[in-house]
Amino acid sequence: MVDFKHSVVYQIWPRSFKDSNNDGIGDIQGIISKLDYLKNLGITCIWLSPIYASPNDDYGYDISDYYAINPEYGTMDDFDELLLECKNRNIDILMDLVANHTSTEHKWFKDALNNPSSPYRDFYYFKEGVNHREPNNWLSFFGGSSWTKESDNSYYLTSFAPTQADLNWENEKVREEIYNVMKFYLNKGIRGFRMDVINCIDKKPGLPDKNPNKKGYQFPDDYILNGPKVHTYLKEMNEKVMSKYDDVITLAEGCMVTLQDAMNYTNPDNKEIDMCFHFDLSTLGYGSLGKYDFRKFYRFNASDIKSITRKWQNAMMEHHGYIANFLSNHDNMRHIERYGDIKLYYLESAKAFALYNFMLYGTPFIYQGEEIGMTNLKLDYHEWKDYEAINSVQAMHDMLHVPLPIAKKIGQYVTRDNARTPVQWSSEDYAGFSTTTPWIKLNPNYTVINAEDCIKDPQSIYNFYKKLIELRKNNEALCTGTFKELNKDHKSILCFKRSLGEDEY
Ligand code: ISL
Ligand code: CA
């Protein structure tokens with residue numbers, strides 16, 4: 001067992017990790033078959049993106065039953081087997097806790113919808129419309145209104161996809177239900193949770209219009225992000241759930257966490273959670289409306305990376321908060337191309353950024369495939385699977401009057417599908433991921449970029465990651481030592497020192 005400051009976490013997005021029964025969809029038995037690969041890489045912990053029952057409108061982030069495994073991925077027995085096989089190898093598991101919303105297919109929501117006196121209506125935000133319009137002007141994260149119509153003049157809040165209904169955390173029964181889910185999986189032996197958009201669970205009371213004088217949908221920003229009660233709920237969750245178990249690891253995900261929010265969530269004195277992601281790197285070059293706001297042309301330079309690094313590292317030194325560091329995940333194009341240059345410097349890009357991520361203070365996360373240098377695949381519009389991309393392209397067209405061909409080009413560049421193509425295990429047919437056509441297009445470069453070849457080549461990206469992980473695991477200074485930047489004013493070189501006592505890197 002390894003504590004969170006000494007963990008090295010590997011994110012698995014199960015649908016594209018490894019298919020065991022050759023239906024083209026990754027699954028739990030597929031994960032089990034690759035545990036030795038992960039053990040060999042040296043990781044200590046897996047973060048499993050959602051594997052619960054789901055209609056898959058948002059690939060598992062729309063949960064229809066927290067207590068059931070998506071049959072495409074296997075059964076609860078398969079999951080128990082995964083737990084056991086991980087335990088045998090001293091690998092921890094973090095599950096994804098998606099508690100800001102459920103799928104509209106969840107039995108709570110269905111009851112709320114079908115039965116006017118259902119107690120579950122208060123599990124969600126149902127509200128009357130205003131002047132034949134939505135109850136307020138909030139913009140959804142995925143484009144368009146945050147409200148979905150129930151009937152003529154009644155709506156429910158859906159801050160992400162229209163089939164992801166926001167849960168009302170004011171209702172203490174909702175909180176109890178979520179705590180029960182957490183206990184169910186902790187009792188099975190998982191180590192903890194990565195908490196999906198957990199900074200979104202406190203909505204501004206009364207749900208008022210954002211910027212009421214402006215026209216069109218407005219991003220609700222501080223009306224739904226990092227509200228004061230997020231802290232209240234996390235403290236309660238800690239008291240009722242985490243504190244009852246030994247060594248639980250918790251990680252908050254949520255876009256637009258400010259430095260102060262993050263420090264407050266993770267300061268151990270506050271008894272909330274252990275660590276937090278920030279998105280300052282992944283949102284570099286975005287306009288104020290987020291990923292699909294192309295008005296800054298996704299441009300940035302080395303100084304931007306330096307100042308973001310400085311800001312977060314220094315904050316942790318000063319405020320006793322703690323972050324997890326990542327470069328790629330299932331929500332963004334792969335970083336090797338976003339921050340690096342694969343035409344001129346393929347290996348160098350992968351290695352330089354890996355070195356950066358592993359030498360920082362904060363727990364390093366790896367996203368499946370980055371350790372073998374997988375790249376983005378520019379999928380044609382008709383091949384897209386990502387709801388966010390499909391809807392945002394439409395929203396760019398409708399709201400900002402961007403011509404569709406241009407909107408699609410932007411979508412192709414930033415779509416989450418880029419990071420969701422199947423993991424390239426070998427140069428065999430279907431990249432050794434499956435023996436049939438996968439659910440999403442496979443990157444044809446698997447003949448040259450694949451795990452099997454990487455493992456054999458001592459100079460490969462994979463072997464570089466392996467060395468970095470080993471280095472980090474065996475050197476306390478790299479895990480808990482201080483951070484000090486050395487050449488602050490240099491325009492392009494980032495240089496810093498990690499130290500603990502005499503030990504300096
Ligand atoms: O992708 C983003 C920024 O690049 C974010 O806006 C992202 O949508 C946000 O951080 C929330 O992501 C999480 O919750 C979503 C789900 O679709 C994502 O996959 C998940 O990581 C809703 O559950
Ligand atoms: Ca399968």
Side-chain angles (χ1 to χ4, degrees), residues 11 13-33 47 49-52 54 56-63 69-75 78 96-103 139-143 146 158-167 194-201 219 221 224-225 251-257 276-287 289-293 298 326 328-333 335 338 365 367 385-389 391-392 413-420 422 430 433-439:
Q11 181 191 355
W13 199 73
R15 201 171 188 81
S16 291
F17 188 65
K18 167 75 186 153
D19 176 19
S20 74
N21 60 348
N22 300 314
D23 59 357
I25 297 172
D27 47 55
I28 296 175
Q29 286 298 336
I31 298 173
I32 295 175
S33 73
W47 151 29
S49 272
I51 54 165
Y52 316 92
S54 162
N56 276 327
D57 292 326
D58 193 24
Y59 293 110
Y61 286 92
D62 48 327
I63 297 174
I69 303 297
N70 180 342
E72 289 173 321
Y73 300 155
T75 62
D78 290 318
D96 221 305
L97 180 75
V98 189
N100 175 67
H101 43 261
T102 71
S103 161
L139 174 71
S140 147
F141 279 85
F142 291 163
S146 284
T158 52
S159 298
F160 292 87
T163 53
Q164 288 167 305
D166 286 60
L167 283 166
R194 172 267 191 191
M195 302 177 178
D196 189 62
V197 284
I198 200 70
N199 63 337
C200 235
I201 58 179
F219 186 64
D221 205 335
I224 63 164
L225 291 167
L251 165 78
E253 188 257 4
C255 38
M256 305 172 79
V257 271
C276 183
F277 284 137
H278 75 75
F279 288 153
D280 289 0
L281 274 186
S282 53
T283 55
L284 267 174
Y286 291 2
L289 292 177
K291 192 191 283 174
Y292 284 84
D293 182 345
Y298 307 110
F326 71 97
S328 278
N329 64 23
H330 65 299
D331 285 337
N332 292 287
M333 65 186 288
H335 73 266
R338 183 141 145 75
F365 275 59
Y367 177 64
K385 306 285 181 188
D386 172 13
Y387 176 84
E388 179 189 51
N391 203 52
S392 298
Y413 181 68
V414 289
T415 173
R416 305 188 291 183
D417 288 335
N418 275 313
R420 297 179 175 183
Y430 306 106
F433 166 76
S434 180
T435 56
T436 186
T437 309
W439 72 279

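We count ligands from 1, going down the list as the structure has it; atoms in each ligand are counted the same way. Below, each value reflects all heavy atoms present in this structure, side chains not excepted, and no hydrogens, waters or symmetry copies. The first residue of the sequence shown is numbered 1, and numbering continues consecutively from there.
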Measuring only between side-chain heavy atoms, which start at C-beta, is [X] closer than 4.5 Å to [Y]?
| X | Y | result |
| --- | --- | --- |
| Pro422 | Tyr430 | no |
| Asn332 | Arg338 | no |
| Phe141 | Cys200 | yes |

Handout entry: Whether His330 and Tyr61 hold their rings parallel, tilted or perpendicular, with breakpoints at 30° and 60°
Key = parallel

Among all protein non-hydrogen atoms, which one is nearest to [atom], and what is the separation to 0.1 Å?
| atom | value |
| --- | --- |
| atom 14 (O) of ligand 1 | Asp196 OD1, 2.9 Å |
| atom 4 (O) of ligand 1 | Asn332 OD1, 3.1 Å |
| atom 19 (O) of ligand 1 | Asp331 OD1, 2.7 Å |
| atom 16 (C) of ligand 1 | Asp58 OD2, 3.3 Å |

Smallest separation among heavy atoms of [X] and [Y], with atom names:
| X | Y | result |
| --- | --- | --- |
| Thr158 | Ser140 | O-CB, 4.3 Å |
| Asp23 | Ile25 | OD1-N, 3.0 Å |
| Thr436 | Gly24 | CG2-N, 3.5 Å |
| Asp386 | Glu388 | OD1-N, 2.9 Å |

Per-atom contacts, ligand 1 versus [X] - under 4.0 Å to a heavy atom:
| X | result |
| --- | --- |
| Phe279 | 10 (O) |
| His330 | 18 (C), 19 (O), 20 (C), 21 (O) |
| Val197 | 11 (C), 14 (O) |
| Arg416 | 16 (C), 17 (O), 18 (C), 19 (O) |
| Gln164 | 22 (C), 23 (O) |
| Lys291 | 1 (O), 4 (O) |
| His101 | 22 (C), 23 (O) |

Practice task
Flag atom 9 (C) of ligand 1 as yes if some protein heavy-atom distance to it falls below 4.0 Å, otherwise no.
Solution key: yes

Practice task
Examine ligand 1 and decide if any of its atoms is less than 4.0 Å from a heavy atom belonging to Arg194.
Solution key: yes

Practice task
For Tyr59 and ligand 1, answer yes if some heavy atom of the residue is under 4.0 Å from a ligand atom, otherwise no.
Solution key: no

Exercise for the section: State the CG-OG distance between Asp62 and Ser103, to the nearest 0.5 angstrom. Expected result: 5.0 Å

Practice task
May I ask you to decide whether Arg194 forms a salt bridge with Asp196, counting only side-chain N to carboxylate O separations under 4.0 Å?
Solution key: yes

Practice task
Indicate yes or no: does Arg416 engage Asp331 in a salt bridge with an N to O separation below 4.0 Å.
Solution key: yes

Completion exercise
So, leaving waters aside, the tally of protein N/O/S atoms less than 3.0 Å from the Ca ion (ligand 2) stands at 5

Problem - Derivation of the side-chain hydrogen bond (donor to acceptor under 3.5 Å, both in side chains) call for Ser159 and Gln164 - result: CA-CA 7 Å; Ser159 298; Gln164 288 167 305; over 6 Å; no

Exercise for the section: Pick out which of Asp280, Leu225, Asn199 makes a side-chain contact (heavy atoms from CB on, under 4.5 Å) with Val257. Expected result: Asn199

